[in-house]
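Structure record follows, encoded as structure tokens.
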Amino acid sequence: MAATTSPAAAAATAAAVSFSVPSPPRGAACSCRRRPRHRPRGRSLLLRAASTAAPPSPDLSIQISPRASPPAVASLARDRAEDLQAESRAMARAAAATVFSPELLASRYGSRPTKVALRAVEVVSKIGTFGLNLVLDERRGASSAMRRARAIELRTILTRLGPTFVKIGQGLSTRPDLCPPEYLEELSELQDSLPTFPDEQAFACIERELGFPLDSIYSSISPSPIAAASLGQVYKARLKYSGKLVAVKVQRPGIEDIIGLDFYLLRGLGFLINKYVDFISSDVVALMDEFARRVYQELNYVQEGQNARRFKKLYADKQDVLVPDIFWDYTSSKVLTMEWIEGTKLNQQAAIEKQGLKVLDLVNIGIQCSLRQLLEYGYFHADPHPGNILATPEGKLAFLDFGMMSETPEVARVAIIGHVVHMVNRDYEAMARDYYALDFLEPDVDVSPIVPALKNFFDDALNSTVSELNFKTIVDGLGAVLYQYPFNVPAYYALILRSLTVLEGLALYADPNFKVLAASYPYFAKRLLTDPNPYLRDALIELLFKDGKFRWNRLENLLVQGSQDREFAAKDALQPVLKLLLGPDGEELRILFVKEAVRVTEAITFGTLIDSYNAAPEILKPLISSGNAAGPFKVSEVEREQMIELKDRVLRIWGLLRSSDGFDPSILQPIVQVLQEPEARVLGSRVAGGVTQRLAARLLQQLLRTPPVPGSS
């Protein structure tokens, strides 16, 4: 099941309306006159493109005489030119869709103080009364039954207050770390089980928007919605000319006016916060405007279709991600027709496991997909609650609603990865400087006072490993820092937080100990090892070379984690660092490289000799060591252990590279080619010279070693 359907919805599914009419030949001209079309001004949030509803029942079909027919749709396999033409026609139908602007709200509601005041009183009274009752319940000692009653009350209040507040409830429904189980269960109803509006209005909207009668578009359509959400409701239908099953999303009537009024009030609240609340340094009005802009884009279904097309293009080569197709000839700003997808919501763990699937595997797919959205492509799904992400029977992850999308600036993408590296290194000065690239701070702001605050939080939080941190801990800790200093959180970052916190909430349903950062490590490691971006290359060098010493354990860990990413290629690992090493700006790195190459050569040489000596028969050891109980080599026990450990680690790293998918010795060819360049030959000479000097020193140390005194113990 894609959603838990009500009895009414189930009955509606079983009794789908079926239209049986003769179809004109494909390509035949339509002689009918189009009905006057009402220009839409909005669009709905996310109405389910998925359910496991039964197909329409022919026994309950209604015979309707044929009327005018819309343009015939060829098939899903139509060529790109036809698809673009169909999209252009859909854009023409949505030409009058409203675009958000503060001026628009001011012109609509600024001269209607009575309406604004009544709405403000309604919101404050309902939320305030609920909050007061909640406080009284806690003082009296709230029982489970009382919490259930309050959860139902909250769901009812949010539903009655309309789509803006429903969205708040949807966000809370995925946070088991914030809400008790009773609230989670009730608020999850806000995802796709909201009250519906009359079917007659929905069908009239379809005909008005598309310009053709219902029976000429669909051969069958469910008489009642399969699902309903904040901005509209969804019907299951079969297209007449292609026979394809589709989800038809229809916008709620009058929704734009309700949302516009709420945002007008929220902007007013934002102005008050900006003026009187000192501990919030962000521009609240700007954040409200960005959110409103996204919601108004959601009110244009053609825009959502274009978002889905772009998203599908980015993930066309991903076998475990599914994005539905859009049927442009049956889409306008208030009606969206998309491919029907069977699936189960990710928070329905029992139903998923009955299909032989694992929720955590699917959540991991979602996290890896989201990381690529945020940090690689820069185009991400900003509303990934359970009603928008489904598990298909084949084990794929299907993304459905594409109304709320956002973009991460390229500079910010690499800065986020660098920020994680600086956090691992506990380099708080670099972390503070990252906020310039993230657009949190103006260039003239001094970050030095921020460093102690970061240190105080992360030194305590990082007592365990970074992977043990959950996302909420980091958000809460950084939030405390943000409130103290002149940060201005950009809108894209707020949407990133929303996206990642929702995904973490989904994971916590399946495993309360799940850590998003730990699940993100393979992607971060792959990017660091293979990305040629100079910022990421420098971040990798900072991670591996700390305090003038190479951290082989970190390289090994990066390779172990990176190899878990499906797109990791051993041949690309460390190539960016190698290019810098031999480039004109790599002198500092070359000095470190020569030093480490000498140390590794010594470790492998002496480590191998020590291992060989240890493996020799006991009877031969005195002969090899000339009677020295400490062995044939004059090195301390600590030195001996360090060399053996380094040798073993280097060999393990080589083994990791060899065992990676698609490994071929030819991957070394780029390195060999680079080493043939004049700069590399000079570097090689420096390494050889250093190795010769070190081995000569070791040999002299052995020759000058004081021989053991006969008879001494």
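Basis for what follows: all heavy atoms, side chains included, without hydrogens, waters or symmetry-related copies. By convention here, the first residue in the shown sequence is residue 1.
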Residues which pass side chain to side chain donor-acceptor pair (under 3.5 Å) with Ser448, listed by chain and number, not counting sequence neighbours: Asp446

Set of side-chain contact (heavy atoms from CB on, under 4.5 Å) partners for Thr164, sequence neighbours left out: Ile259, Asp262, Leu266

Note, Leu371 side chain near Glu376 side chain (heavy atom, < 4.5 Å): no

ring-ring contact (aromatic ring centres under 6.0 Å, His included) partners of His381, counting only residues at least two apart: Phe399, Phe402

Glu122 CD: over 12 foreign heavy atoms closer than 6.0 Å: yes

Residue list, salt bridge (charged side-chain N to carboxylate O under 4.0 Å, His left out) with Asp427, at least two apart or on another chain: none

Partner set under side chain to side chain donor-acceptor pair (under 3.5 Å) for Tyr377, not counting sequence neighbours: Lys318

Can you give me every donor-acceptor pair (side chain of residues 415-422, partner residue at least two apart or in another chain, under 3.5 Å) with its distance?
| from | atom 1 | to | atom 2 | distance (Å) |
| --- | --- | --- | --- | --- |
| His419 | ND1 | Asp434 | OD2 | 2.9 |
| His419 | NE2 | Tyr435 | OH | 3.4 |
| His422 | ND1 | Gly418 | O | 3.1 |
| His422 | ND1 | Asp434 | OD1 | 3.4 |
| His422 | ND1 | Asp434 | OD2 | 2.7 |
| His422 | NE2 | Glu542 | OE1 | 3.0 |

For Ala202, side-chain contact (heavy atoms from CB on, under 4.5 Å) partners two or more places apart: Phe197, Gln233, Tyr235, Val250

Salt bridge (charged side-chain N to carboxylate O under 4.0 Å, His left out) against Arg140, all qualifying residues, sequence neighbours excluded: Asp137

Contacts of type side chain to side chain donor-acceptor pair (under 3.5 Å), residue Tyr379, not counting sequence neighbours: Asn307

Short N-O contact, Lys334 and Glu209, less than 4.0 angstrom: no

Salt bridge Glu182-Arg147, side-chain N to carboxylate O under 4.0 Å: yes

Qualifying residues under salt bridge (charged side-chain N to carboxylate O under 4.0 Å, His left out), relative to Arg112, sequence neighbours excluded: none

Heavy-atom pair with the smallest gap, counting every atom of Val302 and Ala90: CG2-O, 3.5 Å

Chi angles and distances behind the side-chain hydrogen bond (donor to acceptor under 3.5 Å, both in side chains) call for Asn456, Tyr428: CA-CA 10 Å; Asn456 289 338; Tyr428 303 123; over 6 Å; no

Contacts of Gln201 that satisfy side chain to side chain donor-acceptor pair (under 3.5 Å) - sequence neighbours left out: none

With Thr129 via side-chain contact (heavy atoms from CB on, under 4.5 Å) - residues at least two apart: Asn133

Charged N-O contact under 4.0 Å between Arg413 and Glu410: no

Nearest heavy atoms of Val411 and Ala437, plus distance in Å: CG1-O, 3.6 Å

